[in-house]
Number of protein chains: 2
Amino acid sequence: MTHSTIRRVAELAGVSIATVSRTLAHPDKVTEATREKVLDAVRQTGFVPNRQAVDFRRRATNNVVLLVRDITNPFYLEIYRGIEELAFANGYSVLMGDAQYDDARVARYIDMVRNRQADGLILMTGWIPASIPEAKLPQTVIALELIDGSVLPTVAIDNRKAARLATEHLLSLGHRRIAHITGPIGMLMSDERHEGYLEALRAADIAPDPALTYLGDYHLGSGQAAIRAFEERRVGFTGLFCSNDEMAVGAINALRGLGKRVPQDVSVVGFDDMDYALSSDPPLTSVRQPRREIGRKAMQMMVDLLAGKPLASRWFEAGVELVVRQSTAPPNPSKTTDLPRTESTKP
Amino acid sequence: MTHSTIRRVAELAGVSIATVSRTLAHPDKVTEATREKVLDAVRQTGFVPNRQAVDFRRRATNNVVLLVRDITNPFYLEIYRGIEELAFANGYSVLMGDAQYDDARVARYIDMVRNRQADGLILMTGWIPASIPEAKLPQTVIALELIDGSVLPTVAIDNRKAARLATEHLLSLGHRRIAHITGPIGMLMSDERHEGYLEALRAADIAPDPALTYLGDYHLGSGQAAIRAFEERRVGFTGLFCSNDEMAVGAINALRGLGKRVPQDVSVVGFDDMDYALSSDPPLTSVRQPRREIGRKAMQMMVDLLAGKPLASRWFEAGVELVVRQSTAPPNPSKTTDLPRTESTKP
DNA sequence: CTGTTAGCGCCTTCAC
DNA sequence: GTGAAGGCGCTAACAG
C-alpha cells in the first residue's frame, strides 16, 4: 500500500487540495461540514502528509543538530535526555553529531544546517574551528561546554561558584589543608573550577599552597597519580576537592591502597554527581549539575530562537547543588596534617 | 548572502540547469569545456545544492532513526559512537529517539520513517508496541536489545555463551560454590545469561543450587541486596557471577562492608566491561561486549539494506571476550564455603 | 469559506 | 552532449 497523496484525499472528499491542506493545518478556517468530509477521506485513505514535501515547501526541517565534543562522555547522557524531551514535545528531532576533536567533522555538521538538513545547532564542543568565524554560524545555542569569548546564547553553570561551594563545604567541616586535583588547565571549565577553589581558601584567610594543587585530566588515572604524587612529596592534607567524580574515585582507591580511610583520614569531594558518586565506597559528596535541566533549557532556547521569539537573556545560568554523602567528615583531631601510617589492605 | 540556486549557476555559466545538475552528479557525462565553465560558476557563487530539494526529489533523506530503550543507559555510549561513525562515513545522519518504555513514543518515532523524515530504523528497545505488527515496520535493523520472536535483521551477542564463559572462568579457578545475581527474569537477555550460568555448572557436573541465584534488576542496589540476602540465609559461596557490572560493584561494596575481601574471600565476575569495571576496587573481571563494533555493524546493515544490497545473513553475532582483572582468584583453601568471619572496616 | 494558481529547488526523461 | 519541460507533494497568496 503506497502512500496516498493530498490529491487523492481531495478527490475522495470532493474538495480542492487547498481545502484538504487547510483542514489539516487550520481546522478552524473551514466549515464544520467540509471538515467532516475531509477528515473522513483522510481516515479512509490513511493519508499522512509527506513531511519531506511539507518541510521543503516551508523551508524548515524541524531538525536540530546536537554537536558534542565526545559522544561517549557519560556526563552528557542526562543532557541528551533533556534535549530529546523538549525536542519531542515541540515537534523537533535531534541529529546526533560527534565532534571527536576534529575540525573537519565540526565543519561538516555545521554545513548540515547550512544545507538545510537542520534548522539549528546546539553546540557542546567547547570550540569551533578557527576557519569558521562565529558570525557565520547558523542559529546556534551553546550548552555546557563554554566557548571562550563567544557571544552566542549560552546555558551553563557558574563553575567558579560551584567549586567554591565544594571547597567551602570542606572548610566548614574544619579542614584547613585542602588539596585540589584540577582538570586540564587551559580549558575554561577547569580554570574556573581551580579559581573557585582558590577563592574559597582566600575568603577563609588561608594562603593557597601550590603544592596542594595537582594537574589532572578528568580521568581515573590522574586521580590515582595525584595521590601517589602527594605521597611521594610528603604533602599532607585532610581535605581533597576533585574537579570531577572520576578523579575522585581514582583518588579514593589510591588512598585506600595507602591504608588511608575516607572520610576518617581524608575527606573527598567530587564534581558532577555522576553514577560514580553513588557507587563508590564510601558514597561520594559531590557537586550536582542539573544536567537534564541544562539540556531542556538549551533546547527551549533553540525552539524560541527558531520561532523568532526574542530571548529573555543570552546567558542562562543553571544552579548547582552540593550533595553531601559519606566521603566527607570533620578532620580527625588526632592526626592533623601528617600522613597516616601506611597499612595496606592488600595481602 | 542568501543561498544561490542552480538557476543562478546556470545563468553564470551560460548553460541550462540540466547541465549544471549533470555536471555535479555525473561529471563524465559532460564536455571538458562545459565542466570547467560550470565548476567555475559554482565556485563563484558558492553554490551548494539544497539538500532538502535534492532529497525531496530523490525521495530519500539519508537520515536514520536510532530508537533506544533508555537514552541514558551508559552502556549505549560506545554503540552511539559506532553508529555515528559509520553513518558519517556513508553520508547518513542519525536521529536520536528515546523510547522511555512508552508505546506512544515508539509509535511516533516509527512514524517518522513512515512519513519520510528518515529512511530507516535501528531498534534498540527490546520491544515494539503490540499495536504495530512487525510486518508493518519500515526498513529496520535490531541491535543488541533482542525482540523475542523477531525475524528482522539483528546484530547482538550470544548472551548464553557469554555467561558460560564467565562462569567457566570461575570454575577453572577451582570455584565450586558459585552464586549468580541475575537481571530481571522475563527479559530475554537476563534469562539467557542465567541459562548460560546453569549450563556451565552442569557441564562441570555441579548441580545448580537455587539458593545461589538472586533475582536482581541490573542496578547497584540489587547487588548490595543480594549479598545481604545471601548473608541472612547463611548461603556460602566463593565465586559470584553478576549479570552486569553495576550489580557487581554493589556486591563488592556490600562484601567489603561484611569484612570480606575480593578476591581473597570471594571472586567476582561482572558483565559488560563498563567504566565501572576499571574504576572499582579491585578492578573487575568482566565479559566485554564489542559495543562499538555492534554499533558499526548495525549501521552497516542499515546502509546495505537501504542500498538494496542483499544481506549476507539476517543474524550477526558479535563475539565477546573475558577480561580478567583483579577481582577473581583461586578460592582460599583455608575457608571452603563458610562465611568468612565478619570484621567490618567501618569504625 | 473555498478553489485556482504559482511555485519551492532540483532531477530526469525526451527530443534535438 | 545539451536544453526544454514536466513534475515530486505540498502550501500560500489571491481571487471569487
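Letters A, B, ... are given to chains in the order of the sequence lines, protein chains preceding strands, and every chain is numbered from 1.
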Between [X] ([atom1]) and [N] ([atom2]), how many Å, whole number?
X: B/F56; N: C/dC8; atom1: CZ; atom2: C1'; result: 8 Å
X: B/N50; N: D/dC8; atom1: CG; atom2: P; result: 19 Å
X: A/R57; N: C/dT5; atom1: CZ; atom2: C1'; result: 11 Å
X: A/Q52; N: C/dC8; atom1: CD; atom2: C1'; result: 13 Å
X: A/R7; N: D/dT11; atom1: CZ; atom2: P; result: 12 Å
X: B/R58; N: C/dG9; atom1: CZ; atom2: P; result: 17 Å
X: B/D55; N: D/dC10; atom1: CG; atom2: P; result: 17 Å

Answer yes or no: is there a donor N or O on one side and an acceptor on the other, between the side chain of [X] and the main chain of [Y], under 3.5 Å?
X: A/T23; Y: A/T19; value: yes
X: B/S190; Y: B/P184; value: yes
X: B/T61; Y: B/N63; value: yes

Worksheet item: Among residues 114-121 of chain B, which residues get a heavy atom nearer than 4.0 Å to DNA chain C?
Response: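 Correct list: empty, so none.
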
Worksheet item: What is the bend of the helix from C/dC1-D/dG16 to C/dC16-D/dG1 when you compare the axis at one end with the axis at the other, using five pairs each and rounding to 10°?
Response: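 What I find for the helix from C/dC1-D/dG16 to C/dC16-D/dG1 is an axis angle of 40°.
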
Discussion item. Under 4.0 Å from OP1 or OP2 of C/dG9: is there any side-chain N or O of B/T5 that close?
Written reply: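 Answer no for this pair, as no side-chain N or O of B/T5 is under 4.0 Å from OP1 or OP2.
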
Discussion item. At less than 4.0 Å, is any side-chain N or O atom of A/R59 found next to OP1 or OP2 of C/dG9? Yes or no.
Written reply: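 The answer is yes; a side-chain N or O of A/R59 sits under 4.0 Å from OP1 or OP2.
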
Nucleotide N/O of nucleotides 1-4 of chain C paired with protein N/O under 3.5 Å:
from  : atom 1 : to    : atom 2 : distance (Å)
C/dC1 : O3'    : A/T31 : OG1    : 2.7
C/dT2 : OP1    : A/T31 : OG1    : 2.8
C/dT2 : OP1    : A/T34 : OG1    : 3.3
C/dT2 : OP2    : A/T31 : N      : 3.0
C/dT2 : OP2    : A/T31 : OG1    : 3.4
C/dT2 : OP2    : A/T34 : OG1    : 3.2
C/dG3 : OP2    : A/S16 : N      : 3.1
C/dG3 : OP2    : A/S16 : OG     : 3.3
C/dG3 : OP2    : A/T19 : OG1    : 2.5
C/dG3 : N7     : A/R22 : NH2    : 3.2
C/dG3 : O6     : A/R22 : NH2    : 2.4

Discussion item. Under 4.0 Å between a side-chain nitrogen and a carboxylate oxygen: does that hold for B/R105 and A/E85?
Written reply: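 Salt bridge absent between B/R105 and A/E85.
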
Worksheet entry | Residues A/D40, A/K37: salt bridge by 4.0 Å N-O rule |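 No.
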
Item to complete: Could you tell me whether the side chain of A/E11 reaches within less than 4.5 Å of the side chain of A/R8, counting heavy atoms only?
Response: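 No, side chains not in contact.
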
Identify all side-chain donor-acceptor contacts of residues 67-80 of chain A below 3.5 Å with residues at least two apart in sequence or on another chain.
from  : atom 1 : to     : atom 2 : distance (Å)
A/R69 : NH2    : A/T125 : O      : 3.3
A/R69 : NH2    : A/E145 : OE1    : 3.0
A/D70 : OD1    : A/T72  : N      : 2.9
A/D70 : OD1    : A/T72  : OG1    : 2.8
A/D70 : OD1    : B/R81  : NH2    : 3.0
A/D70 : OD2    : A/T72  : OG1    : 3.4
A/N73 : OD1    : A/F75  : N      : 2.9
A/Y76 : OH     : A/E145 : OE2    : 2.6
A/Y80 : OH     : A/I71  : O      : 3.0

Quick one: [atom1] on [X] to [atom2] on [Y], what's the gap to the nearest 0.5 Å?
X: A/L121; Y: A/Y109; atom1: CG; atom2: OH; result: 11.5 Å
X: B/R108; Y: A/S93; atom1: CZ; atom2: OG; result: 8.0 Å
X: A/L123; Y: A/I147; atom1: CG; atom2: CD1; result: 5.0 Å
X: B/L305; Y: B/R314; atom1: CG; atom2: CZ; result: 7.5 Å

Worksheet item: If you take all heavy atoms of A/D103 and A/W127, which pair is closest and at what distance?
Response: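 Distance-wise, the nearest heavy atoms are OD1-NE1, 3.0 Å.
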
Item to complete: Locate the shortest heavy-atom distance separating A/L144 from A/M189; write the atom from each residue and the value.
Response: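 Closest approach of A/L144 to A/M189: O-CE, 4.1 Å.
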
Discussion item. Suppose we screen for salt bridge (charged side-chain N to carboxylate O under 4.0 Å, His left out). Which residues come up paired with A/D55, at least two apart in sequence or across chains?
Written reply: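 Testing A/D55 for salt bridge (charged side-chain N to carboxylate O under 4.0 Å, His left out), a comparison that skips the adjacent residues, returns A/R51.
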
Fill in: Stretch residues 36-44 of chain A: residues that reach within less than 4.0 Å of DNA chain D through a heavy atom
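The answer is none.
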
